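Below is one structure, written out as structure tokens; the observations come after it.
The structure presented is a predicted model; accordingly, all values stated were derived computationally and were not measured.
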Amino acid sequence: MERAIATVAPRTALKRLSARKQLDILNTGYSNSGASKQKKSMRGWKSNGGSTKEDIDDNLETLRERSRDLYMNTPLATGALKTIRTNVVGYGLVLNSQIDHEFLGLTEQQADEWETQVEREFSMWANSLMCDAMQMHNFYELQQIAFLSFLASGETFVTLPHRNHKEHWYGLRVQLIESDRISSPSSANKNIISGVELGSYGEVKAYYICNVHPLGADSGKKEWKRVEKFGKLSGRQNILHLMESERPEQRRGVPLLAPVIESLKQLDRYSEAEITAALVSSLMTVFIEVAEDDDGSSPVIGEGIPEGDQVDQADETTVELASGSVIALNPGEKANMSNPARNNASFDPFVTAIIRQMGAALEIPYEVLVKHFTSSYSASRAALLEAWKMFKMRREFVANRFCQPIYEEWLTEAILIGRIQAPGFLENPLVRQAYSTAEWNGPSQGQLDPLKEVNAAIKRVEAGFSTRARETVEMTSGNFWRNHYQRVREENARRDAGLDLAYLEALKFLQDKEVNENDED
């Protein structure tokens with residue numbers, strides 16, 4: 001029948017054949033939407049998936065260079081990364097030792113004394129330039145550099161060498177390595193991917209560090225050093241890798257700005273074009289066409305820009321504009337000017353819409369990203385709270401991947417050289433963990449209305465939803481117990497000096513009451 005129809009009515013037969021083919025590939029499930037190959041809106045979407053090597057590793061060099069270029073030259077990119085850095089790390093995460101004294105068989109007083117001693121010793125090391133392998137920054141400044149590099153480049157590498165110094169007790173040093181230096185040698189085998197050597201189970205065995213920066217102008221001969229992730233004898237981490245994974249089996253980090261690189265660059269170009277247009281429209285320049293004199297020369301007319309200040313003086317084909325310039329034209333020449341003057345009313349709404357999209361990708365609300373709080377109190381507070389979720393998550397990342405491993409290395413050295421006493425630390429892993437437990441406190445959350453925030457904290461404590469110690473850390477980044485002991489000393493000093501009026505009035509009331517009771521007796 002189909003052959004007969006094709007003979008009599010070819011077009012009808014073709015339509016019937018097409019209908020049967022469509023029935024064979026009838027859309028079901030995701031093929032009705034995201035995986036559809038029949039909708040006209042989706043036919044032009046060509047996507048070729050790949051492994052983490054094709055999708056990430058092969059594009060890292062370009063992503064890093066463009067991300068760092070945006071950070072150095074685009075205000076919005078600079079502000080985004082520094083906003084995250086300031087809120088996550090700020091002046092640096094500070095050690096707050098919190099040992100498991102019950103497991104260790106210590107009283108609260110003994111635990112407090114041990115923690116105080118450790119924090120004092122660690123502060124001596126952390127505040128010294130000797131903690132830095134380059135002897136340029138203290139530990140808290142190294143946190144800022146490592147985290148900012150992690151945001152801009154997608155990852156940061158840290159080695160922990162030991163170098164003794166005659167004027168310093170501790171030999172532990174922190175050495176930051178830029179991600180570009182971790183690369184594959186020219187003779188690398190298939191188990192080395194982007195400078196990362198993998199084991200038989202896909203685990204990271206070692207990193208290959210180039211002796212020079214690959215992008216350096218005078219880099220010299222390249223040589224690679226293989227550094228195992230864990231020491232064979234000690235089991236300690238020889239190298240820390242700060243990166244955020246997006247996919248399983250991912251070994252290298254992606255810059256934070258990667259999803260918005262194109263939007264940031266285009267927005268930067270658009271802003272620059274608007275600035276140029278506004279500048280050109282503000283320059284009032286007069287062009288005068290003059291006739292030749294009898295001797296064939298033209299009269300000289302002053303120009304607004306002195307020759308010494310001209311940018312393109314050597315180029316005779318250019319004319320430089322300046323505010324209030326008067327420029328003479330040669331006979332027969334005529335200046336035809338396009339009018340760049342415009343008041344682009346759509347500039348701000350358009351830029352705001354693009355920034356909101358980028359803020360969503362970076363997990364920074366628009367108000368926090370541009371530091372523009374003009375909405376209601378509730379809306380501004382909601383923006384701060386939403387941003388703070390991301391800040392706290394990244395702070396936990398810095399504490400766990402950077403601060404805590406370095407602190408444990410320092411504590412091990414302090415115990416080995418006898419500066420800190422911790423029985424069983426080197427023999428029992430549980431004891432080691434109990435002694436190493438710590439919190440890392442950083443900048444507190446921003447407050448739009450401090451009075452409301454304090455009242456809310458008081459109610460949480462009174463209802464048992466929180467503790468004074470936790471509220472002190474979150475609101476002021478302080479330590480409740482230190483504040484408590486300090487307040488006791490202060491209040492006693494005020495009472496002894498007769499400055500506490502409430503105490504004096506209460507004391508006088510009790511004295512008068514005692515006198516009246518004696519008189520009645």
Side-chain angles (χ1 to χ4, degrees), residues 89-132 137-143 160 165 167-174 395-396 398-400 402-444 457 461 466-494:
V89 177
Y91 47 75
L93 304 186
V94 181
L95 171 67
N96 180 19
S97 179
Q98 297 285 333
I99 66 174
D100 188 352
H101 66 89
E102 294 180 352
F103 175 78
L104 296 172
L106 302 176
T107 64
E108 291 185 2
Q109 182 177 356
Q110 290 173 329
D112 183 66
E113 293 175 354
W114 192 91
E115 292 166 355
T116 302
Q117 180 187 3
V118 167
E119 291 171 6
R120 185 181 296 113
E121 287 280 334
F122 183 79
S123 179
M124 179 181 68
W125 174 82
N127 287 314
S128 171
L129 298 182
M130 293 301 170
C131 70
D132 181 12
H137 308 94
N138 62 30
F139 179 64
Y140 307 106
E141 294 166 347
L142 288 174
Q143 293 179 35
L160 303 174
H165 193 278
E167 296 184 2
H168 204 272
W169 286 101
Y170 298 100
L172 178 64
R173 302 290 184 266
V174 178
R395 179 177 295 181
E396 194 72 16
V398 176
N400 292 336
F402 185 83
C403 298
Q404 186 65 25
I406 295 176
Y407 166 64
E408 292 179 6
E409 286 295 316
W410 170 87
L411 184 59
T412 302
E413 182 184 5
I415 294 171
L416 287 172
I417 64 177
R419 299 286 297 180
I420 300 294
Q421 301 299 321
F425 182 89
L426 300 175
E427 293 80 19
N428 191 335
L430 289 177
V431 174
R432 178 188 178 97
Q433 180 180 354
Y435 275 117
S436 302
T437 305
E439 293 180 350
W440 296 90
N441 299 328
S444 60
V461 172
S466 183
T467 63
R468 286 180 169 84
R470 179 176 180 180
E471 295 297 335
T472 303
V473 171
E474 293 187 352
M475 297 195 68
T476 65
S477 298
N479 185 296
F480 170 77
W481 292 108
R482 291 180 182 175
N483 292 349
H484 174 73
Y485 296 139
Q486 181 67 22
R487 288 193 67 244
V488 170
R489 292 169 55 195
E490 291 175 353
E491 295 302 320
N492 289 335
R494 285 176 57 82

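Checked by atom type and distance alone, the side chain of T472 pairs as donor or acceptor with a backbone atom of R468 at under 3.5 Å. In this structure, H137 contributes its side chain and L142 its backbone to no donor-acceptor pair below 3.5 Å. Between the side chain of W114 and the backbone N or O of I99 there is no donor-acceptor pair closer than 3.5 Å. Side-chain atoms of T412 come within 3.5 Å of backbone N or O of E408 as a donor-acceptor pair.
Within 6.0 Å of CD in Q110 there are more than 12 heavy atoms belonging to other residues, nucleotides or ligands. At most 12 heavy atoms of other shown residues, nucleotides or ligands fall within 6.0 angstrom of atom CD in Q433.
Taking the side chain as every heavy atom from C-beta outward, V174 and L160 approach each other to under 4.5 Å. In this structure, D100 and L430 have side chains that are not in contact, with every pair of non-hydrogen atoms separated by 4.5 Å or more. Using a 4.5 Å cut-off on side-chain heavy atoms (C-beta onward), Q117 and E113 make no contact.
Scanning both residues, A469 and F480, for their nearest heavy atoms gives CA-CB, 3.6 Å. For N127 against S123, the heavy-atom pair with the smallest separation is ND2-OG, 2.8 Å. When all heavy atoms are compared, the tightest approach of A438 to Y407 is CB-CE2, 4.1 Å. Smallest separation of non-hydrogen atoms from G418 and Q421: O-NE2, 3.5 Å. P405 approaches A399 most closely through the heavy-atom pair CD-O, 4.1 Å. Contact record, L411 with S436: CD2-OG, 3.9 Å, taken as the closest heavy-atom pair.
Using a 30° and 60° split on the angle between ring planes, F425 and Y435 fall in the tilted class, from 30° to 60°. Ring-plane geometry between W410 and F122 is classed as perpendicular, the angle between the planes exceeding 60 degrees on a 0 to 90 degree scale with a lower cut at 30.
Taking CH2 from W440 and CG from N96, the interatomic distance works out to 10.0 Å, rounded to the nearest 0.5 Å. Going from atom CG of L93 over to atom OH of Y140 covers 9.5 Å, rounded to the nearest 0.5 Å. Q143 contributes atom CD, which lies 6.0 Å from atom CZ of F402 (distance to the nearest 0.5 angstrom). For the atom pair CG of L129 and CD of E141, the computed distance is 7.5 Å after rounding to the nearest 0.5 Å. The line from CD of E413 to CH2 of W169 is 11.5 Å long, rounded to the nearest 0.5 Å. Taking CG of N492 as the reference point, atom CZ of R487 lies at 11.0 Å (rounded to 0.5 Å).
Residues passing the side-chain hydrogen bond (donor to acceptor under 3.5 Å, both in side chains) test with T116, sequence neighbours excluded: none. Residues that satisfy the side-chain hydrogen bond (donor to acceptor under 3.5 Å, both in side chains) test with E471, not counting sequence neighbours, are R460, S466.
Applying the salt bridge (Lys or Arg N to Asp or Glu O under 4.0 Å) test to pairs two or more places apart or on separate chains, those with a residue in residues 418-436 are E121-R419.
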